[in-house]
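Only one structure is covered here, and it is reproduced in the block below.
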Amino acid sequence: MMGKKDLKTYAENTWCPGCGNFGILNALMASIEDLNEEDGIEPERFVLASGIGCHAKIVDYVNVNSFYSIHGRVAPTISGIKLANPELVVIGHAGDGDAYGEGIAHLIFAAKRNINVTFIVHDNRVYGLTTGQFTPTSPTGFKGRSTPKGSPEEPFNPLELLLSAGATFVARGYTAHMKRLTALIKAAVRHHGFSFIEVLQPCFTFFNTYKFYNEQVYDLFDKGHDPKDLGAALEMAREWSYGMDGRVATGIFYQVQKPTYEERLLGERIPVGMNPGRLEAVLKAHT
Amino acid sequence: MMGKKDLKTYAENTWCPGCGNFGILNALMASIEDLNEEDGIEPERFVLASGIGCHAKIVDYVNVNSFYSIHGRVAPTISGIKLANPELVVIGHAGDGDAYGEGIAHLIFAAKRNINVTFIVHDNRVYGLTTGQFTPTSPTGFKGRSTPKGSPEEPFNPLELLLSAGATFVARGYTAHMKRLTALIKAAVRHHGFSFIEVLQPCFTFFNTYKFYNEQVYDLFDKGHDPKDLGAALEMAREWSYGMDGRVATGIFYQVQKPTYEERLLGERIPVGMNPGRLEAVLKAHT
Amino acid sequence: MKELSILMGGQAGDGIRQAGNTVARLLNRLGYRIFFYDDYPSLIRGGHNFSIVRAADKKIRAHKENVDLILAMNQETVKRHRWRLKAGGEVIFDSGKVETQGIGLPFKEILREHQGAPIMRNTAAIGALAGHLGIDWEVVAEVIRDTIARSKETNLKIARTAFENTVDSGQKIDRAGAPAVPLLTGNEAIAIGAVKAGLNMYIAYPMTPASSILHYLASHEDDLNVVTIHPENEIGVALMALGAAYTGARVMVGTSGGGFALMTEAVSLAGQAEIPLVFVECQRAGPSTGVPTYTMQADLSFVLHSGHGEFLRVLMAPGDVEEAFYLTALALNLAWKFQIPAFILSDKHLSESTSSFEGDPAEIGPQPPISWDGSGEYKRYRQTEDGISPLAFPGTRDAVVKVTSYEHDEHGITTEEPDEITRMQGKRLKKLEKLKSELGRQELVKVYGNPRAERALICWGSTKGACIEVAEELDLRVIQPLLLEPFPMNEMVKALSGVKTLIDVEVNATGQLSSLLATKGIKADRKVLRYDGRPFTIDSLKNDLKEVL
Amino acid sequence: MKELSILMGGQAGDGIRQAGNTVARLLNRLGYRIFFYDDYPSLIRGGHNFSIVRAADKKIRAHKENVDLILAMNQETVKRHRWRLKAGGEVIFDSGKVETQGIGLPFKEILREHQGAPIMRNTAAIGALAGHLGIDWEVVAEVIRDTIARSKETNLKIARTAFENTVDSGQKIDRAGAPAVPLLTGNEAIAIGAVKAGLNMYIAYPMTPASSILHYLASHEDDLNVVTIHPENEIGVALMALGAAYTGARVMVGTSGGGFALMTEAVSLAGQAEIPLVFVECQRAGPSTGVPTYTMQADLSFVLHSGHGEFLRVLMAPGDVEEAFYLTALALNLAWKFQIPAFILSDKHLSESTSSFEGDPAEIGPQPPISWDGSGEYKRYRQTEDGISPLAFPGTRDAVVKVTSYEHDEHGITTEEPDEITRMQGKRLKKLEKLKSELGRQELVKVYGNPRAERALICWGSTKGACIEVAEELDLRVIQPLLLEPFPMNEMVKALSGVKTLIDVEVNATGQLSSLLATKGIKADRKVLRYDGRPFTIDSLKNDLKEVL
Ligand SMILES: Cc1ncc(C[n+]2csc(CCOP(=O)(O)OP(=O)(O)O)c2C)c(N)n1
Ligand SMILES: Cc1ncc(C[n+]2csc(CCOP(=O)(O)OP(=O)(O)O)c2C)c(N)n1
Ligand code: SF4
Ligand code: SF4
Ligand SMILES: [Mg+2]
Ligand SMILES: [Mg+2]
């Protein structure tokens, strides 16, 4: 049995006071505890990975296996981990700059392949660690340090993109709703396939969105949304287009069961346990 | 006035006999001629760019300005050209490996920004020049040289992705329907914003899809599709999911008017014509 | 030399850099020359930041470990830095937060009195500092007005109260007499150097310590007539830049090692297609993410050899703000004249430290490239005697401008013929001759200290700062190549003449300059290397040199 | 030396490579040693392809310009290659397509007779060739059965008809006596070398001339127990590979220069995080897209210095199929033992040419890395005497395995403290000592030709092939470093002993090996360079050497 104490490292937490990341950290630790207790997943089977940015520090704070990767590359990193050993439970943490800017190609392909990992985006809609530039989900006109006159781009909607790319589990959480976020993470890990959670994570310092979310966020579950309905999922996703107005739905937008990438690619094989093949016959055929 | 003769270079054409690329080349040259004649676009204002692959050879064959770029990078190449001089008419040619594999990030962002260029994908659903591997639009189970046991991935639907990314002009053409393809290219160039044309381009050698398309392709125009209706566009896009069955719509799926990226970013400025700024006042503020 | 060092310390979010900047400006207005080092970890709030402002009555390019004054915004500052205090030095501190000996003022109360925001604690500190140093209030008020953008009046009141409540130490700081000059970071100098050479577009994806070039140019777009773009990633940056340069815009891109890695494919494309582009690489402590807000000079070999295949390039390594300015302008002009990629290698220490800028921008301007004269058929890759094919841009009547990543003929059409391949590779490499003679007119290797000393330090980039002062003290020679590719062999031989002992000083773990020198047959006798993310200070270098001299 | 060269030429799509392969097998079964060069442009149908199969009664690694026989599938082949024909040589041709002197057969009619597909024209050519050389039909039939996958019987009939219709030249080719050995391309040798050293996964994005490693392993997944993956791009490749290696899978990736450029950020990550990974870089003619199906050795400097920051690496350059096999296996074992990135530098000429493989795979196996013994607290980056921290993988009980791109402490938690930075960089670089002593047990520099000759050719990679035979003829020494980093200084000094004139032979425009040698104080007296995309042949090298000897 794991306790919260075992799950913490000695690393000093350097997020700003009030940062939304604390909510994700707490929800993650609670999820790991529960998954250990309820599903019997041994501590050593958890592997976290992260990109670079404020969000990414999370792996330093949690005392389980981790790969602190590079900016934008969470998806291939966790894909490699999962494919080498499909028995591991792999959770990726990425920023919005990380996942939607630098790394969007990989994210789309992870979804397309339906690889059985969980991908959590800490979407503060700003580059935090590099001190406040606009990202793909910042609202048009966002005045960041690279766009002091306001961003000249409309945000895209990551939920729509991920749904189009073929993701089989698409959800949105909010850091201030810790319990619900924990439930989402657990559902994502339990989902057999690629699970995507976009977490609304206010950046206290560069883009304080608490007030807006506190007023506008509601839960799809309360609305009786059917996550098996792709059309409804798309409609709900499109309800809010990442501006600074309108209602913002959270919860599981879409969930469907499909064969996973590792099943299709590996079948029964587990690469870390494979023995070298035998050359004799192959070489013979070359004479 | 330009003639077909002026538009041809001396480069020897090295596409395979029967290759769908010939249809695109002919439609492109016809479009340039027409745009010159009908819209008065001077020959020197056309700029083509391409990635790497069979498709990319097209720039060697057309006697206008061109940038034969690198694999996957057509979108940023044409973006740079357009932003440096918005008076140019810029057309990008990419392969499906090129645009949807290596370069998908750039393509999504070009659409998101609504930069006023035309992007034509020669989608043969295979890597032609590297001798036949599966691409993001190959059907599941495609037996290519990197997947002799069949591709373990489902294709994604580029039209859906591009619509999600915010493209303002989304169309599909077929190389065997030259006249319609020419009309699409002209409409795309005339569209004020990012125009995306996915062209079904059979690869005679590695993935001969002529028979399938000849039987299944139909035109949205004939169906009375309203390209202003995003919902209908998505529905039509989803009608065919890049397998080897079902009806395949061509024509303009979606078209809408929005401010372009260069309008928002540059305003009246034309970078190639700008004079160096004056330092005095700026330096004074540093004392 | 009359000099003064002041350390400010506090948490991230306390505005330590901003405070340092204000102090630097104060001393600048008093006629001092400034070097201002900023030390901060990779976090946004909390942790420990400090700045050291050093001022002197002559040009300086480095800081010292010891300081005359400490402005402590928190206890941590005293704990970490008290050892630095020289005899007779003082700590000025927020008595509400810090317990120590020295000059304590109740910053919180002062702020409350004037309804100031918490960040204005450092305005109080500056007021106190000015009072302690006996600086005229007018100077203080003027600097505060000029540097603080918001709530000027509140800040002035806070500074005034602190100023008046601090006893003049009697060690009144004199005016040093020289006129105030602009204070620039290395990155600002790079930015304005490029602007002076005709920069039209700056394209970059944020990455410490290069981001401030983007921020600076973005916030001065209209003053400086530059378009700035922040695209989706570094590959997009480099390819957009090449597209724009092909079209005729003068473009520069900037990043650090990890971002530059993603541009190396484009570097090779620039080489093959002969498209002019300036890459600024601001080094930080690696490998990989490494220690992102700290300094290192460990990307020299990487940048020097970046890109597959063989092509011409220019690589320059400025060591101070004047060089950052001139060399960036030169890089842009050379890139365009020779249609090649050019590289400016900076590092966190140069890019983010602030110095008095004594260059003369009026000297510099954009040099026109060699352009098509409009006669005959246009061939983008025309074979010419010196290898330079005249440029034309899309939109030019009667010119069809075709560039390509493939090997090609004169028109830019793909070729696979062996003779054409040899000829075209020959054409591109041939430009070296003219490039060398063009470069011959520039100062490529600098010599400082005692130019006749038999013991010489050799260094590159920001490390020159500490080297020069140490050399002056220890009667050494300092040799600093500004150009690293093509290597300025003649100038280097001249600079080395009479040297018996050559000591390589670098902020990296292997001595990359000495490896480069070795390819030229020049052997460093000893290496003094530092690779803990910190630059050499004058003291630390002197100390390290003890062991090898 | 008994030898025979045969050229096959035709269009892309004519199956020229396949025909060459069958001819090579025929001669292999007759006991000859083979070198088989394949020349093709970057297109799928049309153009001009040709293959030269050279067979001899001793090991050979290069081809010659002149040939004994030409199999011409089209007129172009005769036009381009007739000059190559030695006195007494013959052209065997499709009389329906080609007009020339020699042995013409109506391939079309033969195909029609047996209802063969157009591609089977080359089966007819092979039958004719065998008839001409008086090869026993049984051997021909066996080879056709073994090499042609589809429609075996039709092919046999076609070959038989052509065989019988060709007059035996009387110059019957003798059996050379040696037993047949496997014929491998360099890429196949790389693939099986890795497999022998325990490869679990091969991850790659297609790129000529590396793609055939992917194709080969993908088509042998089940025989060789390897998982192959073709991801979205090269960045994805490298990061997936690092994720998998962290998890305990032995992984290799492969690409060419432009794709490798995209992996350089990951190279640096491997260095910082100490993750073992083998990168195969198959060079082609650059810069940029260049001449993608032709050869060059111009990425040495790039790969050697790839990745920002400083870290240990191993770089090896095999020059023939045996070396490709052994060095790849060694690279994988070393990468795992030392937890570092290792590089295999090949080129189109090695990767895609086919040779008789005379290595002994039984000698090679996977060497276990240094692993955690399960006692005490697991620290991924434990400080040890030799710098190697024992490995554990996720899924190991009681081990928390944390790797990171940041500078870090022993547990893998981020650090920014100067002392820890120095210690950790020291730890990583310290591994060099043990690596060197481990490497000391291998053959790192080869010497061929006359080992006492005062005139020596120095070369690397596939260029050795031509060098060796030329040296044997001209009484020269040949020196070939297999390892380029860490540089095998002692072995090189030994190999150079007594050399008065050192001639650098490379397939590039600047002489990158000679630059590397210069950093070690070794100066090449002359350079013989070729950079038209073609490898040196024995004749072309001899010719070029005339000017410098
Ligand atoms: C290749 C590369 N480019 C740029 C950077 C610099 N960088 C570090 S973090 C970051 C942005 C992080 O933004 P986001 O992913 O949204 O994370 P946040 O800090 O907001 O959590 C950037 C651009 C980098 N480390 N690597
Ligand atoms: C960075 C990089 N990776 C790989 C390649 C090799 N390559 C050349 S063309 C190509 C695939 C082309 O496929 P596609 O874009 O579909 O074009 P097609 O040939 O089918 O028209 C690849 C992978 C390359 N040139 N550059
Ligand atoms: S900058 Fe924003 S995202 Fe980063 S730690 Fe601070 S509040 Fe959190
Ligand atoms: S390989 Fe396919 S795409 Fe390429 S030229 Fe041939 S038919 Fe066309
Ligand atoms: Mg963010
Ligand atoms: Mg394709």
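Lettering follows sequence order; numbering is per chain, from 1. All values derive from a computational prediction rather than experimental measurement.
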> If you tally heavy-atom pairs under 4.5 Å against chain D, which of C:G271, C:G533, C:G307 wins?
Replying inline: C:G307
>> Among C:S306, C:G286, C:A298, which residue has the highest count of heavy-atom pairs closer than 4.5 Å to chain D?
In response: C:A298
>> Heavy-atom cut-off 4.5 Å, strictly under: side chain, backbone, both or neither for C:R428 against chain D?
In response: side chain
> Side chain, backbone, both or neither: which part of C:L429 has a heavy atom under 4.5 Å from chain D?
Replying inline: side chain
Chain C: which of [options] shares the most heavy-atom pairs with it under 4.5 Å?
options	result
D:P287, D:S268, D:P292, D:G309	D:P287
D:V291, D:T404, D:I235, D:T415	D:V291
D:D419, D:N508, D:V303	D:N508
D:R534, D:M424, D:E407	D:R534

To the nearest 0.5 Å, how far apart are [atom1] in [X] and [atom2] in [Y]?
X	Y	atom1	atom2	answer
D:T264	C:M263	OG1	CE	11.5 Å
D:L432	C:T510	CG	OG1	11.0 Å
C:Y406	D:S42	OH	OG	4.5 Å
C:T414	D:L43	OG1	CG	11.0 Å
C:L529	D:Q425	CG	CD	11.0 Å
C:T422	D:D532	OG1	CG	4.5 Å

>> Give me the atom names and distance for the closest heavy-atom approach of C:E416 to D:P41.
In response: OE1-CB, 2.9 Å
> Where do C:E417 and D:R80 come nearest, in terms of heavy atoms and distance?
Replying inline: OE2-NH2, 4.4 Å
> With no hydrogens and no angle check, is any side-chain donor or acceptor of C:E310 less than 3.5 Å from a backbone partner on D:A509?
Replying inline: yes
> Are there residues of residues 254-261 of chain C that reach to under 4.5 Å of chain D by heavy atoms, and which ones?
Replying inline: C:G257, C:G258, C:A261
> Non-hydrogen atoms of chain C under 4.5 Å away: do they reach the side chain of D:L300, the backbone, both or neither?
Replying inline: neither
>> I'd like to check the side-chain contact (heavy atoms from CB on, under 4.5 Å) partners of C:A241; sequence neighbours left out, ordered by chain and number.
In response: C:I203, C:V251, C:V253, C:L277
>> Show me the pairs that pass side-chain hydrogen bond (donor to acceptor under 3.5 Å, both in side chains) and involve residues 289-305 of chain C, at least two apart or across chains.
In response: C:D39-C:Y294, C:T289-D:S405, C:Q297-C:T463, C:S301-C:Q512
>> Quick check: under 4.5 Å, non-hydrogen atoms only, which of residues 513-523 of chain D neighbour chain C?
In response: D:S515, D:A518, D:T519
